[in-house]
Amino acid sequence: MTEETPSNFIRDFIDEELASGVRDTVVTRFPPEPNGYLHIGHALAIQVSHGIATDYKGQFNLRFDDTNPAKEEDEYVQAIKKDLQWLGADWGENLFFASDYFDQLYDWAVFLIKEGLAYVDDLTPEEMRTYRGSLTEAGKDSPFRDRSVEENLEIFQQMRDGKFDEGKRVLRAKIDMAHPNLNLRDPVLYRILHARHHRTGDKWKIYPSYDFTHGQSDAIEGITHSLCSLEFESHRPLYNWFLENLPVPSKPRQIEFARLNVEYILTSKRKLLQLVTEGHVRGWDDPRMPTVSGFRRLGYTASALNEFCHRAGIAKRERVNEYSLLEYCLRQDLEGSAYRRMAVLNPIKVVIENFPEGETEWFEGPNHPGNPELGTRKVALTKEIFIEREDFMEEPPKKFFRLGPGREVRLRYTCYITCTDFVKDDAGNITEIRATFDPESRGGSTPDGRKIKGTIHWVSTTKNTPLEVRVYEPLFTKPNPEDVQEGQTFIDNLNPNSETVLTAYGETELSKVKPGDRFQFERKGYFAVDPDSNAKQIVFNRSTGLRDSWGKKQAK
RNA sequence: GGCCUCGUGGUGUAAUGGUAGCACUAAGGUUUCUGGUACCUUUAGUCGGGGUUCGAAUCCCUGCGGGGCUACCA
């Protein structure tokens with residue numbers, strides 16, 4: 001589906017470098033911090049970096065940016081690897097951790113100290129903030145800025161040895177406290193952290209900052225193009241400063257592009273974590289979560305997600321994609337392959353008066369209307385069946401092609417029935433519909449060739465598979481979940497109806513499914529079997545509805 | 001008040017000084033044992049103002065608008 005690759009500014013840049021001989025290979029990387037699950041924005045970043053490496057016959061590395069032990073866990077490492085594999089981004093042998101480079105990074109910090117380009121600062125975080133100045137005012141030098149190389153070396157060694165409490169001292173680069181780019185106002189290189197690291201354990205008492213780690217890690221791995229999001233644009237001068245002032249083995253180039261935003265979707269790891277810890281969702285892989293694992297559980301295919309990223313493309317400006325594109329990509333992918341099944345989600349009983357009591361007649365329906373090679377399955381018709389409540393109206397309007405008093409419809413794959421009567425309870429709710437079927441119409445058509453406008457799906461009340469169906473709507477009520485009034489947070493925009501659990505009935509064939517299986521429930525949408533399913537209860541998630549031009553017309 | 005960066009139909013994205021194209025969405029139609037799919041049609045765009053040029057979405061100036069930057073997070 002992703003046949004042609006449109007040009008973009010990153011590929012153009014690479015083409016130029018390759019053409020001019022500045023480089024002759026392409027090596028990219030995806031550098032997640034293992035502090036949460038991957039979301040759809042990461043899926044784009046992965047596709048861009050992995051796709052470029054593949055197209056230029058280069059190399060793609062997976063590198064965990066694990067420089068902050070306070071937030072990182074192995075659970076996340078495992079989940080991230082699984083998601084990358086599922087998305088089809090193969091890193092082969094090239095799995096790395098920034099923590100693999102801690103020794104090298106430390107040596108380079110010492111190198112900078114010896115060059116007079118780094119110093120230990122005793123300022124408190126609050127003092128540092130004050131000294132840094134503001135967006136419009138220059139900062140001023142720390143009183144510790146001119147420590148001797150020997151003193152710096154000695155204290156830095158003591159920091160490493162764990163002689164100080166957390167937060168007492170930092171190592172800073174000596175650049176320019178008046179620089180208009182605040183990132184160059186003597187950024188922090190190392191801070192004291194007495195946390196246990198998920199890989200290096202208690203070996204280190206000091207940890208390098210992102211800025212001091214990223215570019216050098218890229219250089220160590222021979223990354224040629226370090227692709228990242230726009231927010232790092234103002235870090236690029238610092239990224240380059242380290243590459244210029246350190247004896248690094250290669251000179252990677254950082255290129256930024258805009259992150260992927262989608263209506264009704266939040267992609268802040270911090271906020272996603274909050275949704276999980278506060279119990280607003282079933283977990284990181286809740287079908288409503290914008291995580292890769294959430295989409296997977298909802299029933300999205302990797303190719304649908306990749307196609308979405310491909311169509312969203314990349315740009316240098318912030319943009320918000322419409323949710324409908326996401327749904328389109330899924331339907332597009334599933335339409336040709338998903339087996340068709342019938343399930344009634346909101347049942348009402350129909351009694352077929354002239355159908356023999358206690359008997360079952362089996363009819364055959366194709367698994368896919370456009371592809372006979374996918375075979376057929378049998379569906380059971382009995383005297384009593386369920387149809388959707390919304391497929392019957394007591395007083396139907398003109399263009400209503402479904403069931404109503406005296407009206408005739410086709411039961412999918414089976415026969416025609418005509419409504420003869422209906423029963424109401426004391427409250428006025430319709431509880432039962434009565435109908436007769438035309439024996440001549442078996443197989444779905446009659447000798448007289450009369451046209452039937454409406455075909456509805458149905459399920460036997462006795463020969464069926466009970467289902468729990470979870471119908472999902474967007475997690476938030478607003479296209480921009482962060483659009484809140486004073487004093488509110490994104491939590492206030494949570495959609496109270498984002499999950500509706502239904503007791504439904506599916507055709508008998510659905511008794512054999514396993515988690516991950518996907519089907520189209522005819523006229524209702526695409527559904528996937530949830531991992532919560534067990535021998536007693538089959539659970540389906542609605543991945544997306546079908547396009548519904550009738551429903552849309554009704555809404556007007 | 002500073003620095004960086006970006007403005008193309010409703011949305012997303014192409015056009016690299018030479019016919020503003022594609023997709024999604026929306027509206028309408030044809031086909032149909034899914035009000036689905038498929039197919040067809042329509043609406044709709046270069047942020048404003050100057051300039052350079054035979055010719056500007058593209059280059060220059062200026063205005064306006066959006067985003068980012070003031071963590072011992074990444």
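The sequence lines fix the lettering, A, B, ..., with proteins before strands; numbering per chain opens at 1.
Base contact: Phe232(A) has a heavy atom under 4.0 Å from a base atom. Within the 4.0 angstrom heavy-atom criterion, no nucleotide atom of any strand lies near Ala70(A). Base engagement by Glu231(A) is indicated by at least one non-hydrogen atom pair under 4.0 Å involving a base atom. Using a 4.0 Å heavy-atom cutoff across all strands shown, Glu318(A) reaches sugar-phosphate atoms only and no base atom. If you check every strand for non-hydrogen atoms under 4.0 Å, Arg236(A) touches nothing. Heavy atoms of Val170(A) sit under 4.0 angstrom from at least one base atom. Within the 4.0 angstrom heavy-atom criterion, only backbone atoms of the sugar-phosphate kind lie near Thr67(A); the bases stay farther away. At a threshold of 4.0 angstrom between heavy atoms, the contacts of Tyr328(A) are confined to the sugar-phosphate backbone, with no base atom among them. Contact annotation for Lys524(A): no contact, since no heavy-atom pair falls under 4.0 Å across all strands. Nucleic acid contact class of Gly370(A) (heavy atoms, under 4.0 Å, all strands): none. Residue Leu230(A) is out of contact with every strand shown, counting any heavy-atom pair closer than 4.0 Å. Looking at heavy-atom distances under 4.0 Å, Ser209(A) makes contact with sugar-phosphate atoms alone, never a base. Counting any heavy atom pair closer than 4.0 Å across all strands shown, Gln520(A) reaches a base atom. Using a 4.0 Å heavy-atom distance criterion, Tyr413(A) is classed as a base contact.
In this structure, Asn35(A) contributes its side chain and Glu72(A) its backbone to no donor-acceptor pair below 3.5 Å. Using a distance-only test at 3.5 Å, with no hydrogens or angles considered, a donor-acceptor pair links the side chain of Arg377(A) to the main chain of Pro366(A).
Pairing for G12(B) goes to C22(B), judged as Watson-Crick or G-U wobble with the two contacts each under 3.5 Å. Across all strands shown, G55(B) has no partner, as no Watson-Crick or G-U wobble contact with both distances under 3.5 Å is found. Figure legend. G2(B) is base-paired to C69(B); pairs are counted as Watson-Crick or G-U wobble with both atom distances under 3.5 Å. Partner assigned to U31(B) is none, using Watson-Crick or G-U wobble distances below 3.5 angstrom. The base-pairing partner of U37(B), taking Watson-Crick or G-U wobble contacts with both distances under 3.5 Å, does not exist among the strands shown. Base pairing analysis places C64(B) opposite G7(B); the two distances defining the Watson-Crick or G-U wobble pair are each below 3.5 Å.
Stacking of Lys478(A) on the aromatic ring of Tyr264(A) is not recorded, the 6.0 Å distance cut-off and the 45° axial limit not both being met. Cation-pi geometry between Arg169(A) and Phe164(A) is met: under 6.0 angstrom from the ring centre, within 45 degrees of the axis.
At U5(B), none of the side-chain N or O atoms of Arg317(A) fall inside 4.0 Å of OP1 or OP2 (strictly under the cut-off). OP1 or OP2 of C73(B) sits under 4.0 Å from a side-chain N or O of Arg191(A). Between Ser549(A) and G36(B) there is a side-chain N or O to OP1 or OP2 distance below 4.0 Å. The shortest distance between the side-chain N/O atoms of Arg132(A) and the OP1/OP2 oxygens of C72(B) is below 4.0 Å. Taking side-chain N and O atoms only, Arg523(A) has a distance below 4.0 Å to OP1 or OP2 of G35(B). Taking 4.0 angstrom as the limit, Arg169(A) places none of its side-chain polar atoms (N or O) nearer than this to OP1 or OP2 of C72(B). Using a 4.0 Å cut-off, some side-chain N or O of Lys552(A) falls inside it from OP1 or OP2 of A26(B).
One cannot find a donor-acceptor pair under 3.5 Å joining the base of A23(B) and the side-chain atoms of His310(A). Contact annotation: side chain of Arg547(A) to base of G35(B), donor-acceptor pair absent below 3.5 Å.
With C72(B), G10(B), G36(B) as the choices, the nucleotide that has an atom nearest any side-chain atom of Glu322(A) turns out to be G10(B).
Between Tyr210(A) and A74(B), no base-stacking contact is recorded for ring centres under 5.5 Å apart and planes less than 30° from parallel.
Between the CG atom of Leu334(A) and the C1' atom of U37(B) there is a distance of 13 Å, rounded to whole Å. Between the CE atom of Met342(A) and the P atom of G36(B) there is a distance of 19 Å, given to the nearest Å.
The aromatic ring centres of Phe96(A) and Phe64(A) sit 6.0 Å or more apart.
Within 6.0 Å of CD on Glu373(A) lie no more than 12 heavy atoms contributed by other residues, nucleotides or ligands.
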Test log, rule salt bridge (charged side-chain N to carboxylate O under 4.0 Å, His left out), inputs Asp100(A) and Arg63(A): CA-CA 10 Å; Asp100(A) 293 340; Arg63(A) 180 175 72 235; over 6 Å; no
